[in-house]
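Single-structure report; data block below.
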Amino acid sequence: MAAIPSIPALLPRSKAEVGTGFSEREARIVRALSAAAMPAGTFLEGGGETTLQRLKRWLDGVKPVYWSGLRALLWTAELASVPFTGHPLSSLPEARARRFLEAWSQARSPRARALLRAILSPLKAAHFDDPKMKAHVGCKTALAPLPLAERPRYLERVTDGSHATADLEMECEVVVVGTGAGGAACAYELASRGRAVLLLEEGRYHRRDAFNSRASPMTRMLYRDRGLTIALGNANIPLWAGRAVGGSTVINSGTCYRAPDRVFRKWREAGLGAFSSEALAPYYERVEGMLQVTRASRELTGGVGRVVARGADKLGYQHGPLLRNAPGCDGQGVCCFGCPTGAKRSTDVSYVPEALKRGAELVTSAKASGIDVVGGRARGVTARLGSGHTLRVRAEAVVVAGGAIMTPLLLGGTLKSPALGRYLSIHPAAKVMAVFDELIDMDDAIPQGYAVDQFREEGLVFEGASTPLDVTAVAVPWVGQRFMDLMEAYRHVATFGFMIEDTSRGRVRKGPRGSPLITYDLNAADTAKMQRAIGILSDLFFAAGAKRVLPMVAGMEELGSKEDVAKLRSMRIRPGDFEVTAYHPLGTCRIGSDARTSVLGPDHQAHELPGLYVTDGSAVPSPLGVNPQMTIMAMALRAAEGIDARLG
Ligand SMILES: Cc1cc2nc3c(=O)[nH]c(=O)nc-3n(C[C@H](O)[C@H](O)[C@H](O)COP(=O)(O)OP(=O)(O)OC[C@H]3O[C@@H](n4cnc5c(N)ncnc54)[C@H](O)[C@@H]3O)c2cc1C
């Protein structure tokens, strides 16, 4: 693939051009692109005018900056065809445009492929985010939002910062920034010990009637940056996080594991003997009690659980339903888009309400912008409210728990630590799809309900990764007939994922307009580990009877036999050739014994600033090799005990 016009060159130049809506020419590009990328199938509607109308609806209410970004992408596609065909894309006959997109999707350059993904993803998402598409395929339809029970009393302790009519001042003993895994657990423990706690949360407190089971609107409502956070580097990895009361726990899969002993052994060797399986066991037990952790029911792990169990049995691997925090789950299949029934015990339905019942206060739509230091101690926080007003909080101690992406940005104005924002680990993840003769119906089960445990000690964890129809459409990087054929076969597709305990490290810095600039390169050892994992999973699917296995590795996207798996194992794969994603940012304010290479001491207090504590994923010293929410919570409970003791 030759040069593609740069996006900045295509960005609107005057303010008048920055608005919402498409020009007639842009509308034509959308029609041409979507018709070429998504031809009609046997029963699925093809792209074209329908896509344009759905895209306009899909973008309703989106800020002008996103529109201008999308317009720039459309123009990129329009002009990219000129060097190859002599014509802009929207002037090409549909079949020629399709051939051009097919060639582009197979480009050798990972950047060129990523650009096409960026262009087509909104079109695919909008086209498939329609109840009719699910009906055509025969998928189950979304659950209508459940009626709300009576407004619980604890909500009286919640103030919505977007309704404030003046600047506010508040006072408490401990102010906690962030209501995700680390912030909510810490606030609960301190409130339980009689401390006056104030929680601040940038996002809103969504109640159950706002959860409509549809991936696109839920992503916009619950994800940071509408789900567009990317770790830039040799694999350009989407790195998701939540932004709402409950943080990432609202959008997580509900998997619950204690960190393995070998991780604590490494920490001990690094001088962190305070953390061990035994020392953390009582905290883990309390977390498991609050989250009501139980093993997923075999029945609710659905078709994916069935075929993975069959394949793992054939290969002699350990496997089984995994531990989760959703005891009343009925398998709605949309954990990552907000649990519509409230069965998942994310912190918005567990630790936060329990903290409020114990006297804590919560201000939502309140983004902490700085730490207030008095006499060399952290003594409060300044926050920007959704209404545009300012909130000043005076406190005896400050706990920051904005997550590993945001916490270093907030602390960057106060701490000078060279370790701040560094040592980012993310548990890089990928998935493999497989097409079976039998019905799988992966959207009608727990998306991450089953695990293959055989390789845990190697830091290779295989867990379910099912996605609804519209998310699958975006996840598959294909275009043209084979794309639509696969989407029509959706009910026969099983998806299973894995993540690795990474040795690569990235960094978080302040980017344009205060947003996080994340960089992360996958190193050779991790790339090899991912290749090994994809091989294992491909073998497992063939052992289970899959007809086709789709590892989605560039140059080997589809395998038809075990011999193909052998080829995949021996081919040279570059980091950008995988479809990598990540969900577990850790370590950017890590705990350590050396102030040059860590930000916090084992008591979670900043080496540099007494009274400032961090209790989220950023404090975790290294990757865990398992899903981290339980460890973050257990460490936060332990930290809260220490803070309480020090307050006297
Ligand atoms: C899609 C997905 C699936 C996952 N699945 C699992 C799983 O199955 N099991 C598991 O163990 N883990 C899972 N995780 C990871 C897990 O949810 C996170 O590791 C965990 O929630 C991180 O906790 P935290 O406290 O570090 O941050 P978060 O839970 O992300 O909470 C941070 C909160 O702070 C708020 N905030 C940030 N900055 C500010 C500020 N300046 N002022 C005010 N508020 C602020 C944010 O809005 C957010 O609400 C998943 C994550 C994702 C994204």
Side-chain angles (χ1 to χ4, degrees), residues 161 175-186 199-205 219 222-224 227 229 238-259 287 291 293 322-326 335-338 344 346-348 351-352 362-371 381-385 391 399-411 426-427 429 446-449 451 461 463-465 467 471 497 499 514 516 581-589 614-620 624 626-633 635-636:
V175 57
V176 179
V177 177
T179 57
C186 182
L199 278 151
L200 302 184
E201 169 55 53
E202 181 187 346
R204 297 179 52 202
Y205 206 154
T219 302
L222 300 172
Y223 280 58
R224 179 161 296 283
T229 325
L239 176 59
W240 287 295
R243 181 177 162 274
V245 171
S248 305
T249 69
V250 179
I251 52 166
N252 79 18
S253 304
T255 301
C256 287
Y257 280 103
R258 296 185 183 198
V287 172
L291 302 191
V293 174
L322 47 68
L323 292 164
R324 309 187 71 237
N325 61 351
C335 310
C336 293
F337 308 102
K344 184 178 71 179
S346 42
T347 57
D348 59 322
Y351 278 115
V352 172
L362 164 62
V363 183
T364 59
S365 299
K367 181 172 183 176
S369 52
I371 309 298
V381 164
T382 302
R384 236 183 9 261
L385 299 176
L391 165 65
V399 174
V400 175
I405 297 173
M406 297 310 285
T407 289
L409 298 196
L410 172 58
L411 298 186
I426 58 174
H427 288 160
I446 300 169
Q448 188 166 292
V461 174
E463 288 171 347
T467 46
V471 180
M499 64 180 180
T581 51
Y583 312 83
H584 303 160
L586 299 171
T588 50
C589 291
V614 177
T615 64
D616 57 16
S618 72
V620 176
L624 300 168
V626 291
N627 318 59
Q629 65 173 341
M630 287 241 305
T631 304
I632 296 171
M633 290 173 188
M635 288 173 68

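Counting convention: from 1, in listed order, for ligands and their atoms alike. Side chains included, hydrogens not; waters and symmetry mates left out as well; all remaining heavy atoms used.
Among T255, T581, V381, the residue whose heavy atom lies closest to atom 9 (N) of ligand 1 is T255. Between M406, E202, E201, it is E201 that holds the heavy atom closest to atom 46 (C) of ligand 1.
Listed for the K344 side chain is no donor-acceptor partner under 3.5 Å among the backbone atoms of N325.
For A366, every heavy-atom contact with ligand 1 shorter than 4.0 Å involves the backbone, none the side chain. Residue-level proximity to ligand 1 for S618 is absent, since no heavy atom of it falls below 4.0 angstrom. With a heavy-atom cut-off of 4.0 Å, T249 touches ligand 1 through backbone and side chain alike. When heavy-atom distances to ligand 1 are checked against a 4.0 Å cut-off, A401 comes that close only through its backbone atoms N, CA, C and O. Of all the heavy atoms of I251, the ones lying under 4.0 Å from any atom of ligand 1 are found in both the backbone and the side chain.
Looking at atom 19 (O) of ligand 1, its nearest protein heavy atom turns out to be P628 CG, 3.3 Å. Among protein heavy atoms, atom 51 (C) of ligand 1 sits closest to Y583 O, 3.3 Å. Distance from atom 31 (O) of ligand 1 to its nearest protein heavy atom, with residue and atom name: G180 CA, 3.3 Å. The protein heavy-atom contact nearest to atom 27 (O) of ligand 1 is G403 CA, 3.5 Å. Closest to atom 10 (C) of ligand 1 among all protein heavy atoms lies N627 CB, 3.2 Å. Among all non-hydrogen protein atoms, the one lying nearest atom 24 (P) of ligand 1 is D616 CB, 3.8 Å. Among protein heavy atoms, the minimum distance from atom 50 (C) of ligand 1 is reached at N252 CB, 3.3 Å. Among all protein heavy atoms, the one lying closest to atom 37 (C) of ligand 1 is G402 O, 3.2 Å.
Under the side-chain contact (heavy atoms from CB on, under 4.5 Å) test applied with Y257, the options L624, T631, V293, N627 reduce to a single match, N627.
Between Y205 and T179, every side-chain heavy-atom pair lies at or beyond the 4.5 Å cut-off. Using a 4.5 Å heavy-atom threshold, the side chains of P628 and V620 count as separate. Looking at W240 and N252, their side chains never come closer than 4.5 Å, going by heavy atoms from C-beta outward.
A pairwise comparison of heavy atoms in Q629 and T255 identifies NE2-O, 3.2 Å as the closest pair. Shortest non-hydrogen contact noted between H427 and M499 is O-CB, 3.8 Å. Considering all non-hydrogen atoms of both residues, E201 and L362 come closest at CB-CD1, 4.1 Å. Across Y583 and A429, no two heavy atoms sit closer than the pair CE1-CB, 4.0 Å. Nearest heavy atoms, L222 versus A244: CD2-CB, 4.1 Å. The minimum heavy-atom distance between A184 and T347, with the atom names listed, is CB-CB, 3.6 Å.
The shortest N or O to N or O distance between A368 and ligand 1 is under 3.5 Å. For a threshold of 3.5 Å applied to N or O pairs, the pair formed by A244 and ligand 1 contains at least one separation below that value. Inclusion of G617 in the set of residues having an N or O under 3.5 Å from an N or O of ligand 1 is warranted. Between S248 and ligand 1, at least one N/O pair is under 3.5 Å apart.
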Residue pair T219, V471: steps toward the side-chain contact (heavy atoms from CB on, under 4.5 Å) verdict: CA-CA 11 Å; T219 302; V471 180; over 6 Å; no
Candidate pair L323 and M630, rule side-chain contact (heavy atoms from CB on, under 4.5 Å), full reasoning: CA-CA 11 Å; L323 292 164; M630 287 241 305; over 6 Å; no
Residues R224, M406; criterion side-chain contact (heavy atoms from CB on, under 4.5 Å); working and verdict: CA-CA 10 Å; R224 179 161 296 283; M406 297 310 285; 3.4 Å; yes
L586 vs I632, side-chain contact (heavy atoms from CB on, under 4.5 Å): CA-CA, chis, key distance, verdict: CA-CA 10 Å; L586 299 171; I632 296 171; 4.1 Å; yes
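Taking a cut-off of under 4.0 Å to the non-hydrogen atoms of W240, the atoms of ligand 1 that pass are 53 (C). Ligand-side atoms of ligand 1 in range of K367: 41 (N), 42 (N), range being under 4.0 angstrom from any heavy atom. Per-residue contacts place Q448 under 4.0 angstrom from the following atoms of ligand 1 (heavy atoms of the residue considered): 8 (O). Set against the non-hydrogen atoms of G254, the atoms of ligand 1 under 4.0 Å away are 7 (C), 8 (O). Proximity to G242 (heavy-atom distance under 4.0 Å) selects the following atoms of ligand 1: 46 (C), 47 (O), 48 (C). Every atom of ligand 1 is numbered from 1 in the order shown, and the set under 4.0 Å from a heavy atom of G247 is 29 (O), 31 (O), 48 (C), 49 (O). Every atom of ligand 1 with a heavy atom of G182 under 4.0 Å away is listed here by number and element: 25 (O).
For R224, the closest heavy-atom approach to ligand 1 falls below 4.0 Å.
Summarising the geometry, atom CG belonging to L411 is positioned 5.5 Å from atom CD1 belonging to I371; distances are rounded to the nearest 0.5 Å.
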